Amino acid sequence: MQQYGLFIGGKSTVPPRAKRFETVNPTTRESVASFVAGTTDDVDRAVASAAKAFPAWRDTPAPRRGEILLAAAQEMKRRKDELGRLVTTEMGKVISEGLGDVQESIDFIEYMAGEGRRLFGETVPSELRSKFCLTVRQPKGVVACITPWNFPTAIPNWKIAAALICGNTIVFKPATATAGCGAEVVRVYEAAGVPPGVLNFVTGSGGVVGNAMVADPRVRTVSFTGGVEAGRDVYVRGAQGLKMVHLELGGKNPLIVMEDADLKLALDGVLFGAFGTAGQRCTATSRIILHEEVYDEFLGLLTDRLDHFPVGDPLDPKTGMGPVASADQERKVLEYIQVGRKDSKLRYGGHKLQGGAFDRGFFIEPTIFETQHGSRISKEEIFGPVLSVLRVPSYEEAVRVANDVEYGLSSSIYTRDVNRAFRAIHDLEAGITYVNAPTIGAEVQLPFGGIKNTGTGGREAGSVAVEEFTEIKSVFIDFSSRLQKAQIDTPTMK
Ligand code: UN1
């Protein structure tokens, strides 16, 4: 079994007397690889190394940093098949999605490489003569990136590529369940020529390693993707140090099917949106809101399709859905299914899959509940293959139900009425709205993030990704050769 160390100051290191943990293949429960359970001392060394590397990286011209990112994208492309398999082995999403995870990484690294020749500031008119005003972007310094297991290469790369192009140095902690994917992402950047100390890697628990990263006064920005409770804790801890804390948390994403929708199209969308990645996306379709006129027909079609939806080995290209990612996930999802059995009507699935190869892994049936708006399963993020179905009599009620949850990440409407589609774009309270497409599948050149308890308002990806990782400096250049006082010497109308 592969044994990984920490990666600090450009070297793989294994601290003396290090404790270790292993990642587990959720399809077979076999160990995948072994990692160091990092300590606060390890974080201290990693942050020190990032702080030391910062001045030289900051002063490396951004287009040169972009070249290194481009090399990383090429290296990732070269290794795409192998890394896609690793994603599937460590996390359980089907192989097409494992490869998609890696492709999303490649896309975003390339996109950020180009940003090395932009990183635009603004020129702004002055209120005084012979005075020139502009803004420039400067890196923040050492940033902490803490990432989840559901997109084990893409989400680290959203953070790492954006932080690097802006000139920051990094301490990166991946989710323990997918530490191997995290380690290989770091190797990609190392192979691309990122200088020693610029990207440091510490594995271990959030409670020890994550908290130490957030507490360290040399860390100026924390970028965290994960659950809402952990995110709230990171926010509070970061606030103690008055840090910029970027949070990307949960979702309870609605997909509305109106009475005029193309039902077959909506069906394909729901299957992919709700059961892709076994429902373990922040953007997963976890509620479908059906107009009463199509309710029975649509639900009938959906359950028919699920009868032929192959659940099983995620490395088999014919499989539609693999296992959930871990024993913890399995426990949590099965608990929610119990909650649903009490307060809602189980329409499909609802069991752990058993027998044969299923016994080795964490397999749960695609599950559908017919429920009422306000039930626990209709409001809380489950993060598994469990879909709530809600019946509504009108567009207005569909929007009210869609919006009446604590999250606001993604949303979707299926309709053929162009006016209604535009109204929904206006009305749905979410960071992302899809029309005639499911709630998942965002592209990297657009901002990604949400409102309400989904985060603190920032966005990742897209050209705005650099906002998170730069400080803006305002610059005033007076070429009048005399003291000009703003607000006082400014010519104004009498
Ligand atoms: C996530 O679920 O945390 O839009 C990220 C999507 C993917 C990213 C999901 N491109 O579904």
Side-chain angles (χ1 to χ4, degrees), residues 84 87 91-94 96-112 145-162 174-175 177-178 181-182 185 223-228 230-231 246-255 268-287 321-322 324-325 329 333 381-387 407-412 428 430-451 453-456 458-462 464-465 468:
V87 169
M91 182 272 159
K93 62 173 83 174
V94 293
S96 59
E97 294 178 358
L99 292 166
D101 196 306
V102 179
Q103 187 59 45
E104 190 159 351
S105 300
I106 296 165
D107 295 344
F108 188 64
I109 302 170
E110 278 180 355
Y111 186 73
M112 279 294 110
C145 301
I146 304 176
T147 60
W149 46 259
N150 69 331
F151 273 80
T153 75
I155 295 180
N157 280 304
W158 288 0
K159 299 186 192 305
I160 292 169
T178 52
C181 293
V185 165
S223 183
F224 172 89
T225 301
V228 74
H246 176 99
L247 299 174
E248 191 58 64
L249 309 174
K252 190 70 190 173
N253 311 294
L255 182 153
D268 289 337
V270 169
L271 281 173
F272 185 47
F275 303 116
T277 325
Q280 302 165 112
R281 296 195 191 207
C282 318
T283 52
T285 302
S286 54
R287 298 179 291 154
M321 189 177 95
V324 295
Q329 268 299 101
V333 174
E381 185 180 47
I382 300 175
F383 224 64
V386 181
L387 178 64
Y407 299 106
L409 180 53
S410 190
S411 56
S412 153
L428 288 170
I432 303 171
T433 294
Y434 289 88
V435 176
N436 294 331
T439 56
I440 68 173
E443 301 176 30
V444 299
Q445 64 278 21
L446 277 83
F448 182 94
I451 62 173
N453 285 358
T454 292
T456 40
R459 295 289 183 270
E460 293 186 88
V464 297
E468 193 187 348

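Remember, it's 1-based here, ligands and their atoms both numbered in the order they're listed. In what follows, residues are counted from 1 in the order of the sequence shown. Here the structure is a predicted model, which means the values were calculated and not measured.
- R459 places no side-chain N or O within donor-acceptor distance of the main-chain N or O of G431, the cut-off being under 3.5 Å.
- Remark: the backbone N or O of N150 is not paired with any side-chain donor or acceptor of T277 at under 3.5 angstrom.
- Between the side chain of N253 and the main chain of C282, a donor-acceptor pair closer than 3.5 Å is present.
- Donor-acceptor pairing under 3.5 Å is recorded for the side chains of S105 and N157.
- Close approach of ligand 1 to I155 (heavy-atom distance below 4.0 Å) involves ligand atoms 3 (O).
- For atom 9 (C) of ligand 1, the nearest non-hydrogen atom of the protein is F151 CE1, 3.6 Å.
- Neither side chain, T439 nor S412, offers a donor N or O lying under 3.5 Å from an acceptor on the other.
- Between W158 and ligand 1, no pair of N/O atoms sits closer than 3.5 Å.
- Here's the thing with G441: one of its N/O atoms is less than 3.5 angstrom from an N/O atom of ligand 1.
- The atoms of ligand 1 that sit less than 4.0 Å from any heavy atom of R281 are 2 (O), 6 (C), 7 (C), 11 (O).
- Every atom of ligand 1 is numbered from 1 in the order shown, and the set under 4.0 Å from a heavy atom of N150 is 1 (C), 2 (O), 3 (O).
- Although no hydrogens or angles enter the test, the distance criterion places no donor-acceptor pair under 3.5 Å between the side chain of E381 and the main chain of G227.
- Close N/O approach between Y434 and ligand 1 is not found [any backbone or side-chain N/O within under 3.5 Å].
- Heavy atoms of T277 found under 4.0 angstrom from ligand 1: none, in either backbone or side chain.
- Heavy atoms of T225 found under 4.0 angstrom from ligand 1: none, in either backbone or side chain.
- On a distance-only criterion, A442 and ligand 1 share at least one N/O pair closer than 3.5 Å.
- Under the 6.0 Å distance and 45° angle rule, K93 counts as a cation-pi partner of F151.
- With no hydrogens or angles considered, a side-chain donor-acceptor pair links T433 and S411 at under 3.5 Å.
- Scanning the protein heavy atoms around atom 8 (C) of ligand 1, the nearest turns out to be E104 OE2, 3.8 Å.
- The ring-ring contact (aromatic ring centres under 6.0 Å, His included) search around F448 returns W158, not counting sequence neighbours.
- Shortest contact from atom 2 (O) of ligand 1 to any protein heavy atom: C282 N, 2.7 Å.
- The shell of residues lying under 4.0 angstrom from ligand 1, judged by heavy atoms, excludes T439.
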